[in-house]
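I have placed the structure first, in the form of structure tokens, so that the comments after it can refer back to it.
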2 protein chains.
Amino acid sequence: MKVGPDIATLAALMGDPARANMLAALCAGQALTAGELAREAGVTAQTASSHLGKLSAGGLIAGRKQGRHVYYALAGPDVAGVLEALTGLAERTGHTRLRTGPREPALRRARVCYDHLAGDMGVAILDSLTARSMIVGSGETLVLSAAGETFITALGLDLGALSAQRRPLCKGCLDWSVRRSHLAGALGAALLQRFYALGWARRESGTRIVSLSARGLEAFREIFGVAVEA
Amino acid sequence: MKVGPDIATLAALMGDPARANMLAALCAGQALTAGELAREAGVTAQTASSHLGKLSAGGLIAGRKQGRHVYYALAGPDVAGVLEALTGLAERTGHTRLRTGPREPALRRARVCYDHLAGDMGVAILDSLTARSMIVGSGETLVLSAAGETFITALGLDLGALSAQRRPLCKGCLDWSVRRSHLAGALGAALLQRFYALGWARRESGTRIVSLSARGLEAFREIFGVAVEA
DNA sequence: GGTACATTTCGATCACCGTCGAATCGTACG
DNA sequence: CGTACGATTCGACGGTGATCGAAATGTACC
């Protein structure tokens with residue numbers, strides 16, 4: 001007689017402010033320790049542990065013991081997807097409270113979001129691709145055009161391998177700081193990896209900051225027509 | 001200092017069992033009266049009214065007064081999208097409790113889901129399209145291939161107008177009864193409308209049942225290779 | 001081995017919120 | 001105009017769950 005699968009318990013899991021803050025923090029993609037999550041949520045370690053236990057039992061996060069701390073991460077991309085969708089909905093319905101992205105300029109410029117590039121640079125890249133019709137669509141749903149395919153192949157990416165992944169190839173991901181979309185999905189992740197490999201970008205350890213090399217800045221300006229002040 | 005937009009309040013709104021049941025019922029797309037939703041959720045009219053007030057204030061649903069009752073519907077396709085994503089996640093994490101879709105055979109065979117076709121027939125159609133590589137992808141993210149474009153154009157649909165819509169052209173929607181996906185999105189909706197126009201299908205008033213005409217059954221078998229016992 | 005620290009468990013407190021009974025408002029129907 | 005019914009409001013009750021203090025586990029570092 002009951003209609004739905006347990007949307008209720010799942011949503012209730014995300015419905016607590018402390019847990020929601022934890023999940024939002026984990027959306028960046030990197031695993032965080034229980035203590036960090038406690039501070040992130042603004043609760044004591046004990047309550048945090050309780051919440052983490054529930055989230056874990058609910059299948060939303062997974063914890064890995066390493067030494068004397070436990071690193072928690074989102075259980076999978078689909079969880080991140082739901083959270084992003086929720087964020088977008090909150091955006092639209094005006095449920096956002098303040099929400100002025102990161103204060104640090106370096107974070108605003110380029111940072112890691114789950115597994116792809118976010119920040120001004122991420123938004124600029126997607127803008128450039130859509131302006132040249134290499135990616136079409138808007139909002140969350142994006143599609144790679146034929147011109148886009150040749151473009152990313154020229155960049156040295158294996159389109160076939162990317163398409164074979166279960167997750168969507170292209171996806172728009174709402175950027176908190178700019179309130180605009182950047183490129184996520186398999187292609188977004190692969191692009192960032194490619195930037196690393198080419199030495200254009202480097203991940204600052206311990207933070208979400210992605211720093212761009214001089215060569216990278218040059219390349220971005222040339223390829224994407226993106227000019228960023230040093 | 002706070003990190004996320006108010007995912008928490010939004011999720012908490014969906015986190016109550018009664019409200020979740022209401023939202024799940026509204027996922028079918030047709031507006032329901034407060035009384036119907038109360039019965040659907042298994043609560044009294046007063047508590048239902050309270051819940052509806054909160055959902056409305058939260059921007060998830062919208063109510064229209066008509067005569068002496070109030071018809072409530074989901075505020076928009078994005079709300080349905082989040083709900084579907086949540087359902088999918090609940091599916092994957094095994095949070096589903098029992099959940100044996102509708103009992104009525106007619107409902108199991110073909111019914112309206114929001115604005116597109118669901119049920120065995122809906123699943124079969126998507127199966128047929130993917131088997132012939134007219135639609136590629138899996139899960140929630142689907143893309144129309146070149147072969148698919150010519151196919152639906154031949155069916156008399158205006159692809160340009162469909163792509164111009166803000167919502168995604170193709171989307172997978174998890175079918176409760178079968179636990180498999182059927183075609184949603186702009187194309188899914190347009191297809192159902194086309195079926196109506198061609199006299200292949202008809203919406204049973206007052207229910208979610210979609211009944212198929214003899215001509216429709218013939219056409220479905222011919223075009224999609226779908227054989228359904230009468 | 002002993003101390004420090006991260007995490008978890010247990011237990012108790014307390015606030016919030018879902019629930020329903022009774023009453024009110026508004027519309028439809030005769 | 002009066003009755004019937006759907007929807008909402010008000011008020012009170014009760015239970016679930018978040019929270020933290022205290023204590024227990026387990027790991028690292030010396």
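What you see is a predicted model, and the numbers here were worked out from it, not measured in a lab. In the text below, chain A, chain B and the rest are named by the order of the sequence lines, each starting its count at 1.
Put simply, CG on Leu32(B) is 11 Å from P on dA7(D), counting in whole angstrom units. In this structure, CG of Leu52(A) is placed 7 Å from P of dT8(C), rounded to the nearest angstrom. When rounded to the nearest whole Å, the span between CZ of Arg39(A) and C1' of dC5(C) equals 13 Å. Put simply, CD on Glu36(B) is 17 Å from P on dC5(D), counting in whole angstrom units. Taking atom NE2 on His51(B) and atom P on dC17(C), their separation rounds to 12 Å, with Å as the unit. In this structure, the CE atom of Met22(A) is 8 Å from the P atom of dT19(D), given to the nearest Å. Atom pair Lys65(A):NZ and dT7(C):P shows a separation of 10 Å (rounding to whole Å applied). Atom CD1 in Ile61(B) sits roughly 13 Å away from atom P in dA7(D) (whole-Å rounding).
Distances shown here put a side-chain N or O of Lys54(B) below 4.0 Å from the OP1 or OP2 atom of dG18(C). Listed pair Arg68(B) / dC25(C) fails the phosphate criterion, with no side-chain N or O lying under 4.0 Å from OP1 or OP2. Look at Thr47(B) and you won't find any side-chain N or O under 4.0 angstrom from OP1 or OP2 of dG18(C).
Between Val210(A) and Arg202(A), every side-chain heavy-atom pair lies at or beyond the 4.5 Å cut-off. Annotation: side chain of Leu191(B) is not in contact with side chain of Leu117(B) (no heavy-atom distance under 4.5 Å).
Of all heavy-atom pairs spanning Leu157(B) and Ala190(B), the tightest one is CD2-O, 4.0 Å.
Residue contacts shown for Tyr71(B) are absent, as no nucleic acid heavy atom lies under 4.0 Å away. Residue Ala18(B) is in sugar-phosphate contact alone, with no base atom involved, counting any heavy-atom pair closer than 4.0 Å across all strands shown. Note on Ala34(A): only backbone sugar-phosphate atoms sit closer than 4.0 angstrom, heavy atoms only; bases stay farther off.
In this structure, His69(B) and Thr44(A) both approach DNA chain D, and ranking their closest nucleotides by distance from the 5' end singles out His69(B). The nearest heavy atom of DNA chain D to Arg19(A) and to Gln46(B) marks one nucleotide each, and the one closer to the 5' end goes with Gln46(B).
Between Trp200(A) and Phe195(A), the ring planes are parallel. Angles under 30° get that label, and only those over 60° would be called perpendicular.
The main-chain N or O of Ala201(A) is never found under 3.5 Å from a side-chain atom of Ser213(A) such that the two would form a donor-acceptor pair.
Checked against dT19(C), dT9(D), dT7(C), the side chain of Ser49(B) finds its nearest nucleotide in dT9(D).
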